[in-house]
Asks: 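Dumping the structure here so I can ask a few things about it.
Read the numbers this way: they start at 1 and go in the same order the structure lists the ligands and their atoms. Fair warning: this is a prediction, and the values are worked out from it, not measured in the lab.
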Amino acid sequence: MNDRFLEGRTALVTGSTSGIGLAIARALAAAGVRVAINGLGDAAQIDAALSSVRTAGAADARHFDADLRDPAQIAAMMQAIDAWSPLDVLVNNAGIQHTAALADMPPERWDAILAINLSSAFHTMRAALPGMATRGFGRVVNIASVHGLVASVQKAPYVAAKFGLVGMSKVAALEYAASGTRDSGGVTVNCICPGWVETPLIEPQIEARRAGGSREDGVRALLGEKQPSLRMSLPEDIAALALWLCRREAHNMTGAALPIDGAWTAQ
Ligand code: NAD
């Protein structure tokens, strides 16, 4: 399926200097897209992400700097991208985690998680969707989580943000459902809801379960709690679905929250 069906299109993947976002940027690049990457990191990490996206086949690639906690920086980033090339594909992927019981959750962690994992997607979608509707083609892929479908202890802000992202995506899917045509591909808005994926984000949770053993012991304990497949996804596994959602024939797949969770939410 590695044809260049996105040639001539432009995509933004937030939080694409690492993990799932970088894998999605690379998958879109292989389909010929012009890729705007965004995310934190020092110059070396950003250069490495850009060159990996170019090597994957991007028609062009640039880093657009914005701390997604700040709506003014998001607005400036969206304007700069629009001046570069209007957006056809928007992947809201950036996210952070902090685990603690609700009563012990620092309020500033609540604010940061809600800002990055939920509000940033509102700001980017608000800017990008009208142009997509005018052009008759647009894809919004929001990286939610299994925690947008079910809860776990010690994750109040993360679960609140991800449920919010699933809900907001359904509203946007409804509002833009009739945009474009079957031939143009329409405008769709979906969430992908991964269970455990092998990225830096979950390392503290693996570490917390090592109990003096190896990292593999920590991984086994983590998977054993909730993910019946007992195997983690790779970032590339999530990217493959994000890429498929961008195809023309996915024009009627909208408003969905798609788990990739080893049967976690089947329980
Ligand atoms: P990661 O830590 O590897 O990457 C997170 C990305 O977000 C990085 O590029 C980082 O720079 C960026 N980011 C963080 N704060 C930012 C800010 N203030 N402004 C701009 N960018 C910022 O994590 P990941 O696991 O690849 O997570 C990506 C998404 O997938 C997140 O939304 C996460 O909630 C979700 N997710 C991850 C898992 C998992 O098991 N890893 C499971 C379900 C959902």
Asks: Going by the order shown, which atoms of ligand 1 are within less than 4.0 Å of some heavy atom of Y158?
Replies: 33 (C), 34 (O), 35 (C), 36 (N), 43 (C), 44 (C)

Asks: Hey, looking at atom 40 (O) of ligand 1, which of L118, I113, I24, V197 has the closest heavy atom?
Replies: V197

Asks: I need the L22 CG to R26 CZ distance, nearest 0.5 Å.
Replies: 6.5 Å

Asks: Ignoring hydrogens and geometry beyond distance, is a side-chain donor-acceptor pair present between T99 and K155 at under 3.5 Å?
Replies: no

Asks: Does CZ belonging to R209 count more than 12 external heavy atoms closer than 6.0 Å?
Replies: yes

Asks: Could you tell me the residue and atom name of the protein heavy atom closest to atom 43 (C) of ligand 1, and the distance to it rounded to 0.1 Å?
Replies: P194 O, 3.3 Å

Asks: Pull out every atom of ligand 1 sitting under 4.0 Å from any heavy atom of I202, numbered as shown with elements.
Replies: 39 (C), 40 (O), 41 (N)

Asks: What I want to know is whether L68 and ligand 1 share at least one N or O pair that is separated by under 3.5 angstrom.
Replies: yes

Asks: Looking only at protein heavy atoms, identify the closest one to atom 14 (C) of ligand 1 and say how far it is in Å.
Replies: I96 CG2, 3.7 Å

Asks: Short list, please: which atoms of ligand 1 are under 4.0 Å from a heavy atom of D67?
Replies: 17 (C), 18 (N), 19 (N)

Asks: In ligand 1, which numbered atoms sit nearer than 4.0 Å to a non-hydrogen atom of I116?
Replies: 15 (N), 18 (N)

Asks: Please say whether more than 12 non-hydrogen atoms of neighbouring residues, nucleotides or ligands are located less than 6.0 Å from CZ in R248.
Replies: yes

Asks: Check contact between A115 and ligand 1, using heavy atoms of the residue and a distance below 4.0 angstrom.
Replies: no

Asks: Whether the T10 and S85 side chains hold a donor-acceptor pair (N or O, under 3.5 Å, no angle test) is what I'd like checked.
Replies: yes

Asks: What is the closest protein heavy atom to atom 24 (P) of ligand 1, and at what distance does it sit?
Replies: T199 OG1, 3.4 Å

Asks: Side chains of I96 and N117: does their closest heavy-atom pair fall under 4.5 Å?
Replies: yes

Asks: Go through ligand 1 atom by atom and flag the ones less than 4.0 Å from a non-hydrogen atom of G39.
Replies: 11 (O), 21 (N)

Asks: For P200, counting its heavy atoms only, list the atoms of ligand 1 lying under 4.0 Å from any of them.
Replies: 3 (O)

Asks: Pairing donors with acceptors under 3.5 angstrom, does anything connect the side chains of T14 and N93?
Replies: no

Asks: If you measure from atom 29 (C) of ligand 1 to every heavy atom of N93, I20, V146, which option wins on shortest distance?
Replies: N93

Asks: Is there side-chain contact between L114 and P157, with at least one heavy-atom pair below 4.5 Å?
Replies: yes

Asks: Under the salt bridge (Lys or Arg N to Asp or Glu O under 4.0 Å) criterion, do R215 and E203 qualify, and how do the steps go?
Replies: CA-CA 9 Å; R215 181 177 179 277; E203 283 306 316; 2.6 Å; yes

Asks: Spell out, as yes or no, whether a donor-acceptor pair under 3.5 Å connects the side chain of S16 to the backbone of A25.
Replies: no

Asks: Could you tell me if R247 sits above the aromatic ring of F5, with its cationic atom closer than 6.0 Å to the ring centre and no more than 45 degrees from the axis?
Replies: yes

Asks: What part of T17, side chain, backbone, both or neither, has a heavy atom within less than 4.0 angstrom of ligand 1?
Replies: both

Asks: Considering only protein heavy atoms, which is closest to atom 12 (C) of ligand 1, and at what distance to one decimal place?
Replies: G15 CA, 3.6 Å

Asks: Take the angle between the ring planes of F64 and W84 and call it parallel below 30°, perpendicular above 60°, tilted in between.
Replies: tilted

Asks: Give the residue and atom name of whichever protein heavy atom lies nearest to atom 38 (C) of ligand 1, and the separation in Å to one decimal.
Replies: G195 O, 4.0 Å

Asks: Return the closest protein heavy atom for atom 23 (O) of ligand 1 as residue, atom name and distance.
Replies: L201 CB, 3.3 Å

Asks: Do any heavy atoms of A144 fall under 4.0 Å from ligand 1?
Replies: yes

Asks: Check whether any heavy atom of P235 sits under 4.0 Å from an atom of ligand 1.
Replies: no

Asks: Give the atoms of ligand 1, by number and element, whose distance to some non-hydrogen atom of S18 is under 4.0 Å.
Replies: 1 (P), 3 (O), 4 (O), 8 (C), 9 (O)

Asks: Quick one: do the S52 and T55 side chains pair a donor with an acceptor below 3.5 Å?
Replies: no

Asks: If the contact criterion is a heavy-atom separation under 4.0 Å, does G41 count as touching ligand 1?
Replies: no

Asks: Which ligand 1 atoms are under 4.0 Å away from a heavy-atom of K162?
Replies: 31 (C), 32 (O), 33 (C), 34 (O)

Asks: When you measure from atom 5 (C) of ligand 1 to each heavy atom in A94, S16, G95, which option holds the nearest one?
Replies: G95

Asks: For ligand 1, is any non-hydrogen atom under 4.0 Å from A66's backbone (N, CA, C, O), its side chain (CB onward), both, or neither?
Replies: backbone

Asks: Would you call the rings of H147 and W264 parallel, tilted or perpendicular, where under 30° means parallel and over 60° means perpendicular?
Replies: perpendicular

Asks: Can you pull out the closest protein heavy atom to atom 11 (O) of ligand 1? Residue, atom name and distance to 0.1 Å, please.
Replies: L40 N, 2.9 Å

Asks: Counting only N and O atoms by type, is there a donor-acceptor contact under 3.5 Å from the side chain of Q73 to the main-chain atoms of L68?
Replies: no

